[in-house]
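Report on the following structure.
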Amino acid sequence: MSVTPETPIIPKVKRDAILNVLSKGFHIDKRPLYSYRNIEIVKNVAPNADSSVLVKLGHTQVLAGIKLEIGQPFPDNPDEGVLIVNAEYVPAASPSFEPGPPDENAIELARVIDRSLREPRVVALDKLAIIPGKKVWVIWLDIYILDHDGNLVDASMIGAMLALAQLKLPRIDVDPNTGEIKIDKSQRETPLPLNRYVATVTVYKIEDILLIDPTAEEEAMATASITMAITEEGNIGGIQKRGLGYFEEKEFDRIVEISLSKGKELIELIKQYTK
Amino acid sequence: MSVTPETPIIPKVKRDAILNVLSKGFHIDKRPLYSYRNIEIVKNVAPNADSSVLVKLGHTQVLAGIKLEIGQPFPDNPDEGVLIVNAEYVPAASPSFEPGPPDENAIELARVIDRSLREPRVVALDKLAIIPGKKVWVIWLDIYILDHDGNLVDASMIGAMLALAQLKLPRIDVDPNTGEIKIDKSQRETPLPLNRYVATVTVYKIEDILLIDPTAEEEAMATASITMAITEEGNIGGIQKRGLGYFEEKEFDRIVEISLSKGKELIELIKQYTK
Amino acid sequence: MSVTPETPIIPKVKRDAILNVLSKGFHIDKRPLYSYRNIEIVKNVAPNADSSVLVKLGHTQVLAGIKLEIGQPFPDNPDEGVLIVNAEYVPAASPSFEPGPPDENAIELARVIDRSLREPRVVALDKLAIIPGKKVWVIWLDIYILDHDGNLVDASMIGAMLALAQLKLPRIDVDPNTGEIKIDKSQRETPLPLNRYVATVTVYKIEDILLIDPTAEEEAMATASITMAITEEGNIGGIQKRGLGYFEEKEFDRIVEISLSKGKELIELIKQYTK
Amino acid sequence: MKREKPQLIINGRRLDGRAPQDLRPIKIEVGVLKNADGSAIVEIGNTKVLAAVYGPREVVPKHQEQIDRAIIRCRYRMLSFSTPGERKSPAPSRREIELSKVIREALEPAILSYQFPRTAIDIYVEVINADGGTRTAGITAASLALADAGIPMLDLVAAVAVGKVNGVIVLDLNEVEDMYGEADMPVAAMPSLKRITMLQLNGVLTPDEFRQALALALDGINRIYQLQKDALRRKYVEASE
Amino acid sequence: MKREKPQLIINGRRLDGRAPQDLRPIKIEVGVLKNADGSAIVEIGNTKVLAAVYGPREVVPKHQEQIDRAIIRCRYRMLSFSTPGERKSPAPSRREIELSKVIREALEPAILSYQFPRTAIDIYVEVINADGGTRTAGITAASLALADAGIPMLDLVAAVAVGKVNGVIVLDLNEVEDMYGEADMPVAAMPSLKRITMLQLNGVLTPDEFRQALALALDGINRIYQLQKDALRRKYVEASE
Amino acid sequence: MKREKPQLIINGRRLDGRAPQDLRPIKIEVGVLKNADGSAIVEIGNTKVLAAVYGPREVVPKHQEQIDRAIIRCRYRMLSFSTPGERKSPAPSRREIELSKVIREALEPAILSYQFPRTAIDIYVEVINADGGTRTAGITAASLALADAGIPMLDLVAAVAVGKVNGVIVLDLNEVEDMYGEADMPVAAMPSLKRITMLQLNGVLTPDEFRQALALALDGINRIYQLQKDALRRKYVEASE
């Protein structure tokens, strides 16, 4: 069962103060409404992973890591590699997160990231077959939310994109007799083949104000959000509305405009860190 | 742990009123004690199933559906097909049902239906081997209780029996080289081979009164019930006593008599709908 | 999550009385502090098991049983048999045990027994390959705590050791054509090959007093315990400290001394019962 | 989306004969269960979804209770034989968990939850047959079941998917179009208030295509809204006859 | 029931030498555990079952509590090494879940639950060795464990299976007879009150065979009942010595 | 321990160049998370562990509450990509369940739990990269996170493993030494009080080797203790600047 979450209680005084700042076009940390917080990237934080990256978006911290395995393709895509995305809200990240298997929020996050990668064909899965129909690369992409200060989807997508972009495939040797495949992780040459970069931009709605990249405090006041995956080419590669509230038809022009422009910005940033 | 269920609270006035009617030989809806409510059958409600049927027994609604797969036989019956029966009390069906995996009541229901089919060899499983010892037909029979107004076992058994009797096996092609088997669900010719028809008759006990097919209101007053699976030939192909109460030794002659006579009636009805 | 267990409440009068006896060098049942209670062994309590033994250590009762199967070796030990140890605190054994899958206490118990067998190489797993790299003996050792009156680890280890020592491998026939392996459980000749015997000795600490083999009442007063696996040769083959308390550095000479001497005693006893 | 795209639109017509902006045939019935406080079945093409509502009722377990509003609990589920291909495992899939949340959030904005503090409103969506558009049919049915249960709402919620198939923006995708098409965009709205309560996109659209698709979805939603009101009226009339 | 039926009755004798109406050797011990409020072990042939009872005690979790009676909670379980063949997985099987309910319902009619409102009586049935008749041995043992725990009952409950093997109605099936026989019918009763509290049938019987089988079961139950009373007396006498 | 033992000590030096009594390089940072009440990261060689603490806080579920003390709840967990080889399944392994208990019991003796009745102190240990010594690094980090959260303690707890490798007693095993060595003995202590709060041994040691190993472990623990205090001082100084 999906259940209405508890609404965080925000004292009226604070609420009014925040609304006042927002209505002047600024976040409570003085950024303009349509600007992201400072983004810090730490690469290779988990050397045992095939690729890993820590993304700090303000105080939000997301750890994305990849394990590569050789496995079987899906029967309906026998010649393609497999990408599996999981996400977890680590209980360290917020007093309200509980230990246990991923809840609906973590599952939704993982599935939104997954679709934002899959639908615009970010990873060239068709180049990841080793023995077509039998053995393909399986990419396990795991996202851990370590500290929650708002805007988890965009931070996670940056982490996912960077973890993929950094990944180098290890050398493999196929024994011609037994057909056994050995991975030699000490040798990494080929970068994972990517078709394009994608970023997500999540637009939040607080009363009638649209904004991006809220802190946790601001996010608690939002009634709804809409995440758009934006491709390098300026297309929309995925959408997800979330939250107890709604958007009005007329708000969509503005939402698309913001998403396209900020998405472009984020993709530039991701590309810089990839070098 | 199996736990004593909560006893539904029935106001004394109502209780007395019901007992009064029953003691005169009638259900609260004015049927005689030993007659079934109106039975309505809707076939093929789920076209994606290989067979499906909706059974309405008064206000009780049960949906039975079948998915056919090709699988491996059980090691102790290598030359026989496989029949797997599951049941679920959908939470829509009653304010007291909860979402989640089948509880002991649903499991018991499924197992009673399963035994009532298996022991009298209703399905000719021995005719369902495709490659003996390796590949056989697997019949997944799933029963969903959609609306609970009493007497779920008998309604479910009618649904199970009809879903089986309606089922036509799809054509299969065995590739002589690879041994791969392909199902062509667009072509259905052979009806599922059945050995016989079976119905269950559940006799309930309210105070000292024996009756069949109670409404949910009546059923809540029963202390015990006994389900007998009756075969076409007039044999007993399965029994299950349920409930917190007991039966007296001397009551069994009457129970067997009722079960045989009503079982025959139900089998006639099922056969009519099969045509 | 591992959670601080509830501390059993012991009335001060009783507590003082027990401490008084202990401080004089005796258990509440009048044994000296460093002596085990009476040990009773009942062999072959479950004839369907390949080996089974009931151990009564005072009122503590532990049932250990073994099922043998033929299975695949672990990839990192392709030429060795497999030993899998599980333990369960049966809810019959104590008012505080609950039905359900093994909790952290049962898992810890199983893992301590497992390591006490594995690290000193009690079972000659290298002699349990049937077809090296493909088929090996798999030993499922299951330990059930039936009645809890203290000192479960030492009692379980006696049971584990005896169940293994009693086990005779059934005859197997490998079909040279199909490679299929058949077990003939009616014929049992070869005893399971063992390298050595091991016993565990658990030293408990109540206030500043060290003791072994407490009753449940005494055990409830212990702040910590330390289990040492002692081999025939007088080596230490495993250690586990448990409990909310601590040991002081200077206590370890005494703990090792007790463990070596009582371990030797227990091994003698186990060997006697093995004959 | 798969790579091999069969020809799905021929001479401006879809494989089932519809024009791009056509809905499939729709059948709606309200009040189909005895025990549930409210219920409805929606059939759209070969898709068939049952929704049932219980509540407002006491919250068990109690700790879920909220002091100022009713909580909405929602489960979307596919019956084991409802899908093409193999039997669906009854364990909730990640997809079902996500859609339970998405459907709940599509309905939340319409329900006057603050009128029933400390209660729960439970919504069960059971997919009987799946041929594309089960989540949107589920929302359409659930909103009727809520109305049937007498739960006060700002407006009904109606839903439908739009998508892009062989380069054409089409309304109300069926299973084949969903599987082989380029994009699938389910939308839910409170039609008379023009509020969008659910929006997802699987696939890629240009910004222009998105605007075009959204407009077509809202048009389809309005048509479904009329059918919802007819079905409620029918039940009301029958009941009062 | 399997198709290949080996010859199970030769010259009127069963494979283990018994006549059709014979029970296997029975050993009963009451009060075998220290911590449990009541306990008993029943051995019948090679079948060995331990039952333990705790209660009446506080109900945790509290919401299970009933204001006018004790709840009975029962778990039937087979130890991993208790069955022939492979190790049994410790996860509760559907069979174990059903039998836990069936055993509880066999005992409920005998327990004076209304004397202990807001409490729980917990019954744990552990199958140590399974050679046919574990549910009936479990009921026989559990009823003794209840008596040993001092729980007031209308009567003891005793149980045994009857069946049809090579066309003959026989008492107290062992594993082989259960597996290859034509029918297996476990029965439980309160012997002195002639109340039948459990009745199941796996297999096919004619109405006449059913009546004959039921009579034979009740006869066997009476014999087991005497052994139950002996065992209780033995414990009582020993305890008072 | 595996059978094939590669040469791990050559000319008195370990494969990573350390002498037997050397620790790996250690990096400690306190206060690394915004939301947690206390947090710390400990890196020792390639092992990297994050610990976070919440509490004392309200106990949910309430029935876990203890009237005279705070309960300590602890979870040790390895992230899916933290280990060499294949992806680790996120389901808690038996090893993780045991280590959660072992770590909790290593910390319990230091925490003044009786100052906070009816509350919970939650400790989350997340292994980011595993190269030997994750449980001991976890204890070292968790004790700092407790201090960072302001939880009163008798002393910090520091931990390290000792072991036997190619017959030599060595300090602070890395993954290869752990895997191919003869014994691995993790130890935790409150250094200034000389109290040992955790002790495990996997492998075989003679009584003499055990004494030698324990002494070496306590020596290593004292060195780590100094680094812990430095890290706390650093954070305090930075904070007050």
Side-chain angles (χ1 to χ4, degrees), chain B residues 1-7 9 75-77 79-80 85-86 102-112 114-116 118-121 125-126 198 223-224 226-231 233-253 255-257 259-260, chain E residues 1-3 59 64 66 68-76 85 92-95 97-106 108-111 113 120-124 179 182-185 187-190 193-207 209-211 214-215 218:
Chain B
M1 299 288 275
S2 174
V3 184
T4 309
E6 261 185 88
T7 335
I9 295 153
D76 49 353
N77 275 320
D79 301 344
E80 295 199 347
V85 181
N86 282 290
D103 70 354
E104 63 176 30
N105 297 301
I107 287 171
E108 185 182 36
L109 172 63
R111 286 176 59 84
V112 168
D114 181 280
R115 288 195 293 261
S116 302
R118 188 175 308 279
E119 299 293 340
R121 308 189 145 275
L125 294 175
D126 51 337
V198 169
T223 53
I226 199 148
T227 297
M228 290 204 173
I230 303 299
T231 70
E233 299 87 353
N235 289 325
I236 303 170
I239 302 182
Q240 185 91 340
K241 176 257 173 186
R242 289 176 299 144
L244 303 188
Y246 57 88
F247 287 94
E248 292 185 46
E249 204 184 327
K250 59 181 185 208
E251 289 171 320
F252 277 91
D253 282 345
I255 290 168
V256 171
E257 187 194 324
S259 300
L260 289 171
Chain E
M1 300 292 141
K2 304 301 162 309
R3 264 178 315 170
V59 185
Q64 286 187 348
Q66 292 193 19
D68 59 346
R69 58 166 291 169
I71 56 167
I72 314 297
R73 296 188 293 202
C74 177
R75 188 183 72 167
Y76 163 94
S93 66
R94 287 158 55 98
R95 180 180 169 275
I97 291 170
E98 183 198 346
L99 291 192
S100 297
K101 177 173 187 287
V102 163
I103 293 173
R104 177 177 58 74
E105 293 183 342
E108 294 256 16
I111 301 171
S113 326
I121 295 167
D122 291 325
I123 302 167
Y124 302 108
M179 201 172 347
E182 295 100 89
D184 166 38
M185 185 169 101
V187 184
M190 289 186 266
L193 296 168
K194 293 189 186 302
R195 292 179 179 172
I196 291 165
T197 64
M198 192 263 285
L199 179 59
Q200 294 184 291
L201 167 64
N202 308 320
V204 182
L205 295 177
T206 66
E209 287 168 340
F210 167 70
R211 284 181 205 103
L214 185 58
L218 292 171

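Since the structure is predicted, the reported quantities are computational estimates derived from the model, not experimental observations. Throughout, a chain's letter reflects where its sequence line sits, starting with A, and its residues are numbered from 1. What's counted below: heavy atoms across the whole structure, side chains too, no hydrogens, waters or symmetry copies.
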Could you go step by step and tell me if V204(E) and E233(B) meet the side-chain contact (heavy atoms from CB on, under 4.5 Å) rule? CA-CA 11 Å; V204(E) 182; E233(B) 299 87 353; over 6 Å; no
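- Remark: E108(E) CD to T4(B) OG1 distance equals 3.5 Å, nearest 0.5 Å.
- Not counting sequence neighbours, E249(B) has no partner by the side chain to side chain donor-acceptor pair (under 3.5 Å) test.
- Residue with the most contacts toward chain B among K194(E), R75(E), M190(E), M198(E): K194(E) (heavy-atom pairs, distance under 4.5 Å).
- Contacts of Q66(E) with chain B are made by side-chain atoms alone, with heavy-atom separations under 4.5 Å and no backbone atom involved.
- Looking at Y124(E), the atoms closer than 4.5 Å to chain B (heavy atoms on both sides) all sit in the side chain, from C-beta outward.
- For chain E, the nearby parts of P5(B) are the backbone and the side chain; heavy atoms of each come within less than 4.5 Å.
- Chain B forms more heavy-atom pairs under 4.5 Å with one residue of L99(E), L205(E), L214(E) than with any other, namely L205(E).
- Atom CD1 of I107(B) is separated from atom CZ of R94(E) by 6.0 Å, given to the nearest 0.5 angstrom.
- Contact of V3(B) with chain E is made through backbone and side chain together, with heavy-atom distances under 4.5 Å.
- From I123(E), atom CD1 reaches atom CE of M1(B) across 8.5 Å, with rounding to the nearest 0.5 Å.
- Residue R95(E) touches chain B through both its backbone and its side chain, counting heavy-atom pairs closer than 4.5 Å.
- In this structure, E108(B) contributes its side chain and E98(E) its backbone to no donor-acceptor pair below 3.5 Å.
- Your options are R211(E), R73(E), E105(E), and the one with the most heavy-atom pairs under 4.5 Å with chain B is E105(E).
- Going from atom CG of L199(E) over to atom OG1 of T227(B) covers 10.5 Å, rounded to the nearest 0.5 Å.
- We find the CG-CE distance between D76(B) and M179(E) to be 9.0 Å, quoted to the nearest 0.5 Å.
- Heavy atoms of T7(B) lying under 4.5 Å from chain E belong to its backbone as well as its side chain.
- G245(B) and P109(E) make their closest contact through O-CG, 3.5 Å (heavy atoms, listed as atom of the first residue, atom of the second, distance).
- The distance from atom NZ of K101(E) to atom CG of D103(B), rounded to the nearest 0.5 Å, is 9.0 Å.
- Interface check for chain B: of the options L193(E), I72(E), I71(E), D68(E), the most heavy-atom pairs under 4.5 Å are formed by I72(E).
- N235(B) approaches P207(E) most closely through the heavy-atom pair OD1-CD, 4.1 Å.
- E104(B) is linked by a salt bridge (charged side-chain N to carboxylate O under 4.0 Å, His left out) to R104(E), counting only residues two or more places apart in sequence or in another chain.
- With chain E as the partner, the residue from E251(B), K241(B), E248(B), E6(B) showing the most heavy-atom pairs under 4.5 Å is K241(B).
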